[in-house]
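Quick caveat: nothing in here was measured; it's all calculated off a predicted structure. Convention: sequence-line order gives letters A, B, ...; per-chain numbering from 1.
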Protein chains: 2
Amino acid sequence: MERKRWYEDACGAAHALDIVGERWALLVIRELMFGPRRFGELRANLPGISANILTQRLEGLEREGVVVRRKLPPPASVQVYELTPWGYEAEPIFQTLGRWATRSPTHDPTLPISNASLLLSFRTMIDAAKARGLGATIALRLGNEDYVARLADGAIAIARGEAEAADLRIAATAAALGAAIYGGAAFETLEAQGVLALEGDRALARRFATLFPLPEKADAPPPPA
Amino acid sequence: MERKRWYEDACGAAHALDIVGERWALLVIRELMFGPRRFGELRANLPGISANILTQRLEGLEREGVVVRRKLPPPASVQVYELTPWGYEAEPIFQTLGRWATRSPTHDPTLPISNASLLLSFRTMIDAAKARGLGATIALRLGNEDYVARLADGAIAIARGEAEAADLRIAATAAALGAAIYGGAAFETLEAQGVLALEGDRALARRFATLFPLPEKADAPPPPA
DNA sequence: CTGTATCCGTGTTGATACTG
DNA sequence: CAGTATCAACACGGATACAG
């Protein structure tokens, strides 16, 4: 029942790969970054993973101290998986990986995207200079999940939950909101298509859409001789 | 001849894993972070990799634009692998992975370590506050390779090559220098063991050894019920 | 509904041997 | 020294069956 293949290497990065280097492991953590999740939710947001692999990854991450498995108190009594405090500290890994990979010549932003991915990308890509001086609360409804984003001090904080008072409310699919923020799609177009709805301060929405510039693509190397 | 298993996911981190998520890929990049390397050098510093896997990874990384293969001009005429400019930009990935993993309850710093790993760890772990105001040039001979480390403005720059003038010269194995910096081993002990030699400013050596504090370990989670 | 266990076809990995 | 060829062991993904 032990892992057979580690890297026998004291390098910190190599040890990180011993923990999260197996296929799907890092994406499981990504889906847990905004709070506990049930098995079925994880599966739904990780297209292509099979149930047995998800079970194995959760077991491995639990053994390594990244994930804990909790049983909610009755009457819910469902089991959920949650990151440990150290597990939550993995967020910078997604930010550096994401920032680097968006400069890849082969990155395709039109593929499906999960709520967690999109929200993590906001925290990765926010331009502190452009967001400075902007304070606002934005309620996001992505699919059937509610999140609250608070802009302050050039940074963005995001948590699950419903906002009592918000300057702006956006209801959309993750793909539609991603198209607005990263694809340059106009909110009006997306509203006309019925994939996005705004309520509240529409000028704030337009400014919000400018806060997350994508880095330039790296040059493609010369083709191999 | 294409990859069959990607993640169909627009998430930047997922795309990064499409590029560098295969076993060994990231460690190959690590070994290239300080300049071009030959096939055999890579193999020697990646204990456990087999030749065919190294070939496949280099091919894949070349396809993705991370690595280029160059033929040195005669009379050397040997082939070397080198990171592209974008490939060199992967360094923050090692830093975040390394910083996170050193807090793992299961990290074992006594395993073998390559020159590249140790030097990357210096750039990851340097404490800017402790290094501020310190300017120095240190020549490092690790095994049979020469590097120059320059401390300035609280940061450390490291490059391959021999230093004409240096305040301090350290000759050691990577393991021995790691023991001095991270394991608290005294330089005198290591010199007596014949695994390390100092020349020049010994007070600088002692101060150098304090510049790279390891983060605290994360709490081990409760054992599963 | 939430997982877990098992089987199976396929692709990936790794050790050894081998060729230029 | 730099890689290729072969083959055995393993990991993955899909399907299905099963337990609480």
Query raised in the report: With under 30° as parallel and over 60° as perpendicular, where do the rings of Y81(A) and F39(A) fit, or are they tilted in between?
Result: tilted

Report task. Among T106(A), T102(A), D108(A), find the residue that satisfies the side-chain hydrogen bond (donor to acceptor under 3.5 Å, both in side chains) test when tested with S104(A). Result -> T106(A)

Requested in this report: Give the rounded distance in Å between these two atoms: CG of L54(B) and P of dT12(C).
Outcome: 18 Å

Report task. Report yes or no: is there a donor-acceptor pair, N or O only, under 3.5 Å between the side chain of N52(A) and the base of dG14(D)? Result -> yes

Requested in this report: May I ask you to evaluate whether R23(A) reaches the phosphate of dG13(D), defined as a side-chain N or O under 4.0 Å from OP1 or OP2?
Outcome: yes

**Report entry** Spacing between R69(B) atom CZ and dA2(D) atom P, to the nearest angstrom
**Finding:** 12 Å

**Report entry** Enclosure of E199(A) CD (heavy-atom neighbours >12, cutoff 6.0 Å)
**Finding:** no

Query raised in the report: Any luck finding a side-chain donor-acceptor pair between T124(A) and R99(A) under 3.5 Å?
Result: no

**Report entry** Residues touching DNA chain D, which here means a heavy atom under 4.0 Å, drawn from residues 38-51 of chain B
**Finding:** R38(B), F39(B), G40(B), A51(B)

Query raised in the report: How about F122(A) and Y147(A): are their ring centres within less than 6.0 Å of each other?
Result: no

Query - Whole angstrom value for the distance that separates C1' of dG3(D) from CD of E62(B) - result: 14 Å

Query raised in the report: Any luck finding a side-chain donor-acceptor pair between S114(B) and E31(B) under 3.5 Å?
Result: yes

Requested in this report: Respond yes when some side-chain nitrogen or oxygen of Y81(B) is under 4.0 Å from OP1 or OP2 of dG3(D), and no when none is.
Outcome: yes

Query raised in the report: Do any side-chain nitrogens or oxygens of T55(A) fall under 4.0 Å of OP1 or OP2 in dT4(C)?
Result: yes

Query - For atom CG of L58(A) and atom P of dT4(C), their distance in whole Å - result: 8 Å

Requested in this report: Would you kindly give the CD-to-C1' distance between E22(A) and dT12(C), to the nearest whole Å?
Outcome: 13 Å

Query raised in the report: CD1 of I53(A) versus C1' of dG14(D): gap in Å, rounded?
Result: 10 Å

Query raised in the report: Just one of W86(A), F94(A), Y88(A) clears the ring pair (Phe, Tyr, Trp, His ring centres under 6.0 Å) bar with W100(B), so which one?
Result: W86(A)

Query raised in the report: Under 4.0 Å between a side-chain N or O of W24(A) and OP1 or OP2 of dG13(D)?
Result: yes

Requested in this report: Using the six-membered ring of Y7(B), assess whether NZ or CZ of R23(A) lies under 6.0 Å from its centre and within 45 degrees of the ring axis.
Outcome: yes

Report summary line: Contact check, residues 29-37 of chain B vs DNA chain D, heavy-atom distance under 4.0 Å, returns none

**Report entry** Aromatic plane relationship, F212(B) with Y182(B) - under 30° parallel, 30 to 60° tilted, over 60° perpendicular
**Finding:** perpendicular

Report summary line: Rounded to whole Å, CZ of R57(B) lies from P of dG14(C) at a distance of 8 Å

Query - Contact under 4.0 Å: Q79(B) side-chain N or O vs dG3(D) OP1/OP2 - result: yes

Requested in this report: Would you indicate, yes or no, if dT12(C) has its OP1 or OP2 atom less than 4.0 angstrom from a side-chain nitrogen or oxygen of Q56(B)?
Outcome: no

Query raised in the report: Tell me: NZ of K71(B) to C1' of dG3(D), nearest whole Å?
Result: 12 Å

Query raised in the report: Would a distance-only check, ignoring hydrogens and angles, find a side-chain to backbone donor-acceptor pair under 3.5 Å from N115(A) to L142(A)?
Result: yes

